Amino acid sequence: MSDERRYEPQEIEPRWQQLWADERTWEVTNDARAGTQAGTGGAPAAGAEAGGAGSVGKAPKSYVLEMLPYPSGEPHIGHLKCYAVGDAIAHFHRRLGHRVLHPMGYDAFGLPAENHAIKTGVHPRESTAASIASFQRQFRSWGISIDWSRELGTHEPRYYRWTQWIFLQLLHAGLAYRKEAAVKWCPNDQTVLANEQVLDGHCERCGAAVEVRQLEQWFLRITDYAERLLSDLADIDWPEHVKTMQRNWIGRSEGAEVTFRCDALDVDYPVFTTRPDTLFGATFFVMAPEHPDVLRLAQGTTYEQEVKDYINRALTESNEERGSLEKAKTGVPLGRTVTNPVNGEQIPMYVADYVLLEYGTGAIMAVPGHDERDHAFARAYGLPIRRVIEGASEPAPPDFAPVDGSGAQDGESWERSEQSLPYTGDGSLVNSHPDFDGMHNREALGAIVQWLDREAKGHASVNYRLRDWLVSRQRYWGCPIPVVYCDECGMVPVPEEQLPVELPDIEDYSPRGRSPLAAAEDWVNTKCPACGGDALRETDTMDTFVDSSWYYLRYCDAGNDEAAWDPAALAQWMPVDQYIGGVEHAILHLMYARFFTKALADLGHLDFQEPFRALFTQGMVTKDGAKMSKSKGNVVSPASIVQRSGADTARCYILFVGPPDQDADWSDEGVEGVHRFLGRLWRLAAETAEREDAPAGQTPAQPAAGGVYADGAPAPQGADLELLRKTHWAIDKVSADMRRFAFNTAIAAVMELLNECSRLRDEAAVSVQRFALSIAASLLFPFAPHVCAEVYDLLNGQRVWEQPWPQADPAMLERDVYELVCQVNGKLRDRVKAPADAGPEELKELCLMAPNVQAHLDGKEVVKEIVVPGKLVNLVVR
RNA sequence: GCGGGCGUGGUGGAACGGUAGACACGCUGGCCUUAGGAGCCAGUGGGCGCAAGCCCGUGUGGGUUCAAAUCCCGCCGCCCGCACCA
């Protein structure tokens, strides 16, 4: 009796994991001539072959990569989801006959390990090693099909040696540079941050309010790549919202740079504007408090002290306070004027904190008639507001009712009044210049830019929001920046043959506003590689996003100690065919990695422009609708689920709960349901495996793709045919779903197939039953590898992962009779059986004869018939 | 404010413009058990009806269509990203 059978993942899973580890099943070599994994191990499949399987030497490559984890503590549910998705794709691609590269590594440098070290004194290397060990254990217990021979950690000298090498390449190319700048400083983490790491004026990592400091720092010239980072988005298969986020972050605006001259100081101030058409409406000029010239300008004027005070206040104010939109506009006159190049007007200069140094040139022409912010400022300080564009369709005031036309005059006068300003729409130029007045502003924009260009007072210009990437960090646990400072030679790059510059051990990890590395005197004091004299090492380390900007390249040739990679290895695997990770990296990591790829390509090290051909972003896993966190106490640990229900259950559940790109709420009941399903699959298979086979001749040699019945055997019918049809339907459905990441419906289809197996258990032939269950295991294998390997082995004594992906028999997908939907006036009224080959006329007749259709026709006249063969007939009656 | 996305049973979610609610959870009833937190079977959007069946139903109001959860327009609500970006 079946009561004795128990599905025991705790027994099944380690057994298969051991076999995969012993046989190194998921390792691939860089030798393109090596065979594929699927299709080479077993006998040739009886049925149709999956594309490519078995055609040794011609197997296409597939590089499937999940974002590498930051090893801290234990993997969480988000990791489980990410790797469950990636592993499903990796398995699917293998079974389609691809050579699949599916590696794993650790983004091991970073602040949490260092902060832990500050608290406990445990070296970050040790705590990181412990976390990595825990991640390794769990990944193995999940049965993820990783090529462990390529494993890497970004904190290993044999890895970061090449991170440093890349840094030097960028340095030599002028893409890495040092500059003093107003930078974002996190007072809690005691380090500078990249623009991308500041959210709402707070440190992305720890949440502390960010301060501005004037510091000399290392930058990478990502802005050189703004245009290509933007335009190449068109060539990659990424989710639209991620592309949009990157576009917004790059923030391209077209406009003009216009020069305003300050005669008093004999200085030209260029400003960037997207609205050169409003130049004639510029009535004042504003500079950012951080602008280096502000103090000089105010010097000697009556406003000098006031300006000083204002700047001090603005600079000490947090970004948050300063950035609030509700805040009234403030500012101080500089006591100087500049010349508006289009009309020679002298307009007053101001300093105001609504102008940002980091955007454009840090100074603006203010057009209060046509810009909300300038308008608010002008109103606050009593500055002139001039209309230079008149909209043809400016909105009428709410109380203006143009019903009878008599109000037109009122509307007109209202429209002309200052109350309708600022007007930010389009219209005709007024009060500007005889050459431009009356012109539509879009036209005038181009004309004015041309004029500026001719007069050498400006030119068309494109501005980006993107800033250069600040990469130096005043912290210990990161990749040392490979340069030294020599009194004689200045900044000297460490020669490549001296790499890696190894991170020294230190006693005290506490940050003190400079890198803790500065305390390692033996290490800091060194000799200049150029002149041999005394020199000091750079004590800042690199942002960890540098480490993760090239790791996908290293996997292709992870064991290479002679070079970062062999170009032949990259040629074999890159680019990544499918990248998988969370949306939280939509901007940071994904932009930086694209930048690295383009820069390295320009330097001749790569021959492709985009690292990740396709991207899939998985949704978050929540519990009770909230993000899991220790403080909320709603953390679901993968380890405990795996222990209780098995890895197959955990992986299947996380994919079954909903579309994987959407957020999903964890439910323990849902897990139970999936566990029951896998148990049913296993039990039914175990039971079927023991049943007597049908008489010889009806049993297929292989339950693989094609037909079950040997040639010459009678055609299947009844329950056999029904089950076969369902099986081929499932093959078709799951195959299509895999390609669109619809894993939830793929699993549901296998559930349907299994339900059908249960239902027809006693009616269908054992051979058919076996076939159906084998296919169920085969289709489910990418999600639940252990139990499916077990089931397939029980039924066939074969390794499912060596079988090509099943193919549906088109004949089995067709039905000779189907249910025709009969509608009257678009409403479902009846269903009748219709032959598959029936023509429109026949279908119409069938529909007309359907009893419930007749009831609804009831003498009415049929005015139109819509016939959709294979689907429905709709009768329109009157 | 700008950009992107989403609104479907008690719940998670299905549905090339063509049978709304697949699959699963939960719930109800039954079978089997000394027992059930095991397994199996049946039912389960709302309303009316003994039934056949009828009516209503995908946030909301319009529109296109023989036919709309799906396409278009206007609202309402929620989520995400950016945000004084000149």
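None of the values given here were measured: they were computed from a predicted structure. In what follows, chains are A, B, ... by sequence order, proteins preceding strands, each numbered from 1.
One finds the CE atom of A:M67 at 6.5 Å from the NE2 atom of A:H585 (value rounded to the nearest 0.5 Å). Taking NE2 of A:H370 as the reference point, atom CZ of A:R275 lies at 7.5 Å (rounded to 0.5 Å).
Surrounding NZ of A:K623 are more than 12 heavy atoms belonging to other residues, nucleotides or ligands, all under 6.0 Å away. Summarising the local packing, CZ of A:R740 is surrounded by more than 12 heavy atoms from other residues, nucleotides or ligands at distances under 6.0 Å. Within a 6.0 Å sphere centred on CD of A:Q854, heavy atoms belonging to other residues, nucleotides or ligands number more than 12.
B:G9 and B:G45 have their C1' atoms separated by 5 Å, given to the nearest Å. Separating the C1' atom of B:A42 from that of B:G61 is a span of 42 Å, rounded to the nearest Å. For the C1' atoms, the distance linking B:U70 with B:A20 amounts to 11 Å, nearest Å. Comparing the P positions of B:U58 and B:G63 gives an interatomic distance of 16 Å, to the nearest angstrom. Distance noted for atom P between B:A15 and B:A24: 16 Å (whole Å). The separation of B:G21 from B:G5, taken at their P atoms, amounts to 28 Å, rounded to a whole angstrom. Across B:A68 and B:C55, the matching P atoms stand 15 Å from one another, rounded to whole Å. Nucleotides B:G81 and B:A69 have their P atoms positioned 33 Å apart, rounded to a whole Å.
One atom, CG of A:D830, and another, P of B:G18, lie 21 Å apart when rounded to the nearest Å. Taking atom CD on A:Q662 and atom P on B:G5, their separation rounds to 13 Å, with Å as the unit. One interatomic measurement links the two molecules: OH of A:Y359 to P of B:C84, which rounds to 12 Å at whole-angstrom precision. Separating the NZ atom of A:K243 from the P atom of B:G5 is a distance of 13 Å, rounded to the nearest angstrom. Across the protein-nucleic acid pair, A:H370 atom NE2 and B:C84 atom P stand 23 Å apart, rounded to whole Å. Taking atom CD on A:Q197 and atom P on B:C82, their separation rounds to 13 Å, with Å as the unit. In this entry the distance linking CG of A:L820 with P of B:A67 reads 19 Å, nearest Å. Summarising the geometry, the separation between CZ on A:F377 and P on B:C84 is reported as 17 Å, rounded to the nearest angstrom.
If you check B:G81, B:G13, B:G39 against the side chain of A:N248, the one that comes closest is B:G81. Among the nucleotides B:A86, B:G81, B:A14, the one closest to the side chain of A:M245 is B:G81. In this structure, the nucleotide among B:G81, B:A86, B:A38 sitting nearest to the side chain of A:T274 is B:A86. Minimum atom distance to the side chain of A:I866 is reached by B:C66, of the listed B:G12, B:C66, B:A83. Side-chain proximity of A:K329 to B:C84, B:C82, B:A14: nearest is B:C84. Picking from B:G13, B:C23, B:G26 the nucleotide with the shortest atom distance to the side chain of A:F656 gives B:C23. Here the side chain of A:T244 is nearest to one of B:G4, B:A14, B:C23, namely B:G4. Comparing B:C66, B:C85, B:C23 by their nearest atom to the side chain of A:M751 picks out B:C23. Distances from the side chain of A:S253 to the nucleotides B:C85, B:A38, B:A86 place B:A86 closest.
Taking every heavy atom of both residues into account, A:Y359 and A:S253 meet most closely at OH-OG, 3.0 Å. Annotation for A:L813 and A:H728: closest pair CD2-O, 3.4 Å, computed over non-hydrogen atoms.
When heavy atoms are screened at a 4.0 angstrom cut-off, A:R829 is found touching the sugar-phosphate backbone but no base atom. A:R680 comes within contact range of the sugar-phosphate backbone alone, with a heavy-atom separation under 4.0 Å but no base atom that close. Among the heavy atoms of the strands, none lies under 4.0 Å from A:D374. When heavy atoms are screened at a 4.0 angstrom cut-off, A:G251 is found touching no nucleic acid atom at all. In this structure, A:F677 reaches neither bases nor backbone, as no heavy-atom distance under 4.0 Å exists between it and the strands shown. Residue contacts for A:T273: at a heavy-atom cut-off of 4.0 Å it reaches the sugar-phosphate backbone alone, with no base atom in range. At a threshold of 4.0 angstrom between heavy atoms, the contacts of A:S758 with the nucleic acid are absent. Residue A:E865 is out of contact with every strand shown, counting any heavy-atom pair closer than 4.0 Å. Across all strands shown, A:N852 has heavy atoms under 4.0 Å from sugar-phosphate atoms exclusively, and none from any base. No contact: A:N825 has no heavy atom under 4.0 Å from any strand. Across all strands, A:H856 comes closer than 4.0 Å only to sugar-phosphate atoms, never to a base (heavy-atom distances).
In this structure, A:E756 does not pair ionically with A:R761, as no charged nitrogen and carboxylate oxygen lie closer than 4.0 Å. Electrostatic pairing of A:E240 and A:R247 counts as a salt bridge here, judged by a charged N lying under 4.0 Å from a carboxylate O.
Nearest-nucleotide positions on RNA chain B for A:D371 and A:A748 put A:A748 closer to the 5' end. Mapping A:T745 and A:W729 onto RNA chain B by nearest heavy atom places A:T745 closer to the 5' end of the strand.
Consecutive Watson-Crick or G-U pairing (both distances under 3.5 Å) extending over three or more pairs maps onto RNA chain B as B:1-7 with B:76-82, B:10-12 with B:23-25, B:26-31 with B:39-44, B:45-48 with B:53-56, B:59-63 with B:71-75.
A donor-acceptor pair under 3.5 Å is formed between the side chain of A:D371 and the backbone N or O of A:D374.
Proximity of A:R676 to the phosphate of B:G37: no side-chain N or O atom is located under 4.0 Å from OP1 or OP2. Residue A:N744 places at least one side-chain N or O closer than 4.0 Å to OP1 or OP2 of B:A14. One finds no side-chain N or O of A:K827 lying less than 4.0 angstrom from the OP1 or OP2 phosphate oxygen of B:G57. Residue A:R759 places no side-chain N or O under 4.0 Å from the OP1 or OP2 atom of B:C41.
For the pair A:K329 and A:F377, the NZ or CZ position fails the cation-pi test of under 6.0 Å to the six-membered ring centre and within 45 degrees of the ring normal.
At a cut-off of 3.5 Å, with distance as the only test, no side-chain donor of A:N634 or A:D624 sits close to an acceptor on the other residue. Using a 3.5 Å distance cut-off with no hydrogens or angles, the side chains of A:N852 and A:D830 do not pair a donor with an acceptor.
Applying the 90° cutoff around 0 to the glycosidic angle, B:G36 is assigned anti.
Within residues 871-878 of chain A, the residues approaching RNA chain B are A:K871, A:L872, A:N874, A:V876, by heavy-atom distance under 4.0 Å.
Between A:F285 and A:Y269, the ring planes are tilted. Angles from 30° to 60° get that label.
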